[in-house]
Amino acid sequence: MKTDRRTERKHVFCLAFQLAFQDNDPEQMLELYIENHPTIPYQGFIQSSFEGIHKNLKQIDGLINQNLKNWKFERINKVDLTIIRLAVYETAFANTPSKVAINEAVELAKEFSTEEAPSFINGILGRLIAER
């Protein structure tokens, strides 16, 4: 079964969200997720993005922290943080065009977060992209 990139990003978001709460082995997390979602094509974008976020998490969080204005990293809710991490990973490590990554992050925020989240996320990512 072939999925579109937006659907694949939702799966990456779900996997990466678990990183905020669990200290389990990422490989085991991926295997369990695949086991519970047997129809998704986990190899490729989903697997590489999840592994890339985990592998580069400290650098990703550092980039996010550098671009916060009047906000503390610890105050970002886990949903928004996961969405931002995914977008930062895509732009900084996966060569996704910034406009695409930001747009997809805003769409994820509309679906999974609060009413204020899209503009908050857009602002952080916009600053981060402007600095790069």
Side-chain angles (χ1 to χ4, degrees):
M1 176 181 173
K2 184 163 172 59
T3 60
D4 62 273
R5 190 52 53 100
R6 181 166 285 170
T7 301
E8 290 176 333
R9 273 188 186 89
K10 287 180 186 179
H11 288 292
V12 175
F13 164 77
C14 291
L15 276 161
F17 185 69
Q18 294 177 46
L19 291 173
F21 297 100
Q22 297 178 4
D23 196 23
N24 295 345
D25 175 38
E27 195 171 301
Q28 288 178 338
M29 290 171 65
L30 184 61
E31 287 176 18
L32 183 59
Y33 191 85
I34 292 164
E35 191 177 297
N36 289 312
H37 300 85
T39 60
I40 64 167
Y42 70 92
Q43 293 182 331
F45 181 81
I46 295 170
Q47 182 175 1
S48 65
S49 295
F50 174 67
E51 290 172 350
I53 291 168
H54 180 264
K55 178 183 171 189
N56 299 292
L57 193 59
K58 287 184 181 177
Q59 286 179 279
I60 292 168
D61 286 352
L63 289 170
I64 295 167
N65 199 29
Q66 290 171 9
N67 289 281
L68 294 175
K69 301 290 184 215
N70 302 319
W71 202 263
K72 293 195 184 283
F73 184 86
E74 299 78 27
R75 289 189 57 211
I76 302 173
N77 74 56
K78 301 298 186 203
V79 171
D80 294 352
L81 180 58
T82 301
I83 293 168
I84 296 166
R85 283 174 171 166
L86 173 56
V88 171
Y89 166 75
E90 285 197 74
T91 59
F93 298 94
N95 300 318
T96 301
S98 1
K99 289 182 180 182
V100 172
I102 291 172
N103 183 59
E104 291 297 319
V106 168
E107 291 303 315
L108 282 170
K110 287 177 183 176
E111 184 170 348
F112 293 104
S113 194
T114 64
E115 193 175 298
E116 298 81 20
S119 60
F120 174 70
I121 290 170
N122 189 46
I124 291 172
L125 294 174
R127 278 191 295 278
L128 191 138
I129 299 306
E131 285 206 7
R132 298 188 86 229

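What's counted below: heavy atoms across the whole structure, side chains too, no hydrogens, waters or symmetry copies.
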Checklist entry - Do F93 and I60 have side chains that get closer than 4.5 Å, going by heavy atoms? => result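 A side-chain contact exists here, since the closest heavy-atom pair is under 4.5 Å.
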Checklist entry - Does some side-chain heavy atom of M29 sit less than 4.5 Å from a side-chain heavy atom of L19? => result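 Yes, at least one pair of side-chain atoms sits under 4.5 Å.
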Donor-acceptor pair, [X] side chain versus [Y] backbone, under 3.5 Å?
X: N67; Y: L63; answer: yes
X: H54; Y: F50; answer: no
X: N56; Y: G52; answer: yes
X: N77; Y: D80; answer: yes
X: T91; Y: V88; answer: yes

Give me the atom names and distance for the closest heavy-atom approach of [X] to [Y].
X: I46; Y: V12; result: CA-CG2, 3.6 Å
X: Y89; Y: S49; result: CE2-CA, 3.6 Å
X: W71; Y: R75; result: CH2-NH2, 3.6 Å

Checklist entry - Do K10 and E111 meet the salt-bridge criterion of a basic N to acidic O distance under 4.0 Å? => result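 K10 and E111: salt-bridged.
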Checklist entry - Hey, are R9 and E90 close enough for a salt bridge, meaning a charged N less than 4.0 Å from a carboxylate O? => result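 Salt bridge between R9 and E90, a charged N being under 4.0 Å from a carboxylate O: yes.
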Please report the interatomic distance [atom1]([X]) to [atom2]([Y]), rounded to the nearest 0.5 Å.
X: I84; Y: L68; atom1: CD1; atom2: CG; answer: 7.5 Å
X: L125; Y: I83; atom1: CG; atom2: CD1; answer: 10.0 Å
X: K69; Y: I124; atom1: NZ; atom2: CD1; answer: 11.0 Å
X: I121; Y: S113; atom1: CD1; atom2: OG; answer: 5.5 Å

Item to check | Pair H11 + F45: ring centers closer than 6.0 Å | outcome: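 Ring-ring flag for H11/F45: false, centres at least 6.0 Å apart.
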Next on the checklist: Can you tell me if E51 has over 12 outside heavy atoms packed within less than 6.0 Å of its CD?
Outcome noted: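 It does: E51 CD has more than 12 such atoms within range.
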Checklist entry - Is there a donor in the side chain of T7 and an acceptor in the side chain of D4, or the other way round, less than 3.5 Å apart? => result yes
